[in-house]
Amino acid sequence: MDDELITERRSVAFPQVFGYLRHVTGGLARHAALVGCLTEYCRQHELTLCGVFTDRDTAVAVRSPAFVGLLDALELLDTYGAVVPALSHLGPKCVAGERKRQITVSSARLLVVRSTTRPTMASAPSLGASADLQRLGDT
């Protein structure tokens, strides 16, 4: 995803998005950090985070309760897309591919806070809030 402001391409201020987390390990502090990562990403990109759906079950099913809730929310009028901290939150590759397809079929965009590639030392962010947020979003 480019670092460009998403709202510069839309005539609507603060498009509505819904977050999705797959959080099967770690405690409440870890969950709060992941939600905080999504919240900060949305603030930086002028998005309205309307809610976060979280799967906590270790079993991975394409149509888990939280993911079905996300798909239902993406069908709401004026919903722009779904946001995840990293693609790994969609599950293992065999499940993630199908989940990505289901999100895009709904005409929603899938926004990923942290891409799969790590920045090089030359392009790494300076130490500060953005570096802290990147660490909070690591999975």
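Keep in mind that what you see is a predicted model, and the values were worked out from it rather than measured. FYI, side chains are in, hydrogens and waters are out, and symmetry mates aren't considered; it's all heavy atoms of this structure.
The salt bridge (Lys or Arg N to Asp or Glu O under 4.0 Å) test applied to Arg43 returns Glu40, not counting sequence neighbours. Every residue meeting the side chain to side chain contact (heavy atoms under 4.5 Å, CB included) condition with Ser106, not counting sequence neighbours, appears here in chain and number order: Leu74, Glu75, Ala108. Annotation: side chain to side chain contact (heavy atoms under 4.5 Å, CB included) contacts of Thr39 (sequence neighbours excluded): Val35, Leu49. Gln102 is linked by a side chain to side chain donor-acceptor pair (under 3.5 Å) to Arg63, Glu98, counting only residues two or more places apart in sequence or in another chain.
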Practice item. Just do the side chain to side chain contact (heavy atoms under 4.5 Å, CB included) check on His89 and Leu34 with the steps written out, would you? Key: CA-CA 11 Å; His89 279 266; Leu34 289 168; 3.9 Å; yes
Review point. Going through the distances and angles, do Leu21 and Val52 end up as a side chain to side chain contact (heavy atoms under 4.5 Å, CB included)?
Key: CA-CA 7 Å; Leu21 301 172; Val52 178; 3.8 Å; yes
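What you find for Ala86 and Val112 is that their closest heavy atoms are CA-CG1, 3.9 Å. The minimum heavy-atom distance linking Leu70 with Gly19 is given by the pair CD1-O, 4.2 Å.
Proximity of Arg114 to Leu87: side-chain heavy atoms (C-beta onward) are nowhere separated by under 4.5 Å. Looking at heavy atoms from C-beta onward, Tyr80 lies out of side-chain contact with Gln16 at the 4.5 angstrom threshold. For the pair Leu47/Leu111, a side-chain contact is recorded, criterion being any heavy-atom separation below 4.5 Å from C-beta on. Contact check for Pro85 versus Leu38: side-chain heavy atoms found under the 4.5 Å cut-off.
A centroid separation of 6.0 Å or more is found between the aromatic rings of Phe67 and Phe53.
Under the 4.5 Å side-chain heavy-atom criterion for ILVMFWY residues, no single connected hydrophobic cluster contains both Val84 and Val68.
Residue Phe18 holds its CZ atom at 11.0 Å from SG of Cys42, rounded to the nearest 0.5 Å. The NE2 atom of His23 lies 8.0 Å from the OG1 atom of Thr54; values are rounded to the nearest 0.5 Å. Note that the OH atom of Tyr20 and the CD1 atom of Ile103 stand 8.5 Å from one another [nearest 0.5 Å].
Screening Leu110, Val95, Val62 against Leu90 for a side-chain contact (heavy atoms from CB on, under 4.5 Å) leaves a single residue, Leu110.
Applying the salt bridge (Lys or Arg N to Asp or Glu O under 4.0 Å) rule to pairs touching residues 49-59 yields Asp55-Arg99, sequence neighbours excluded.
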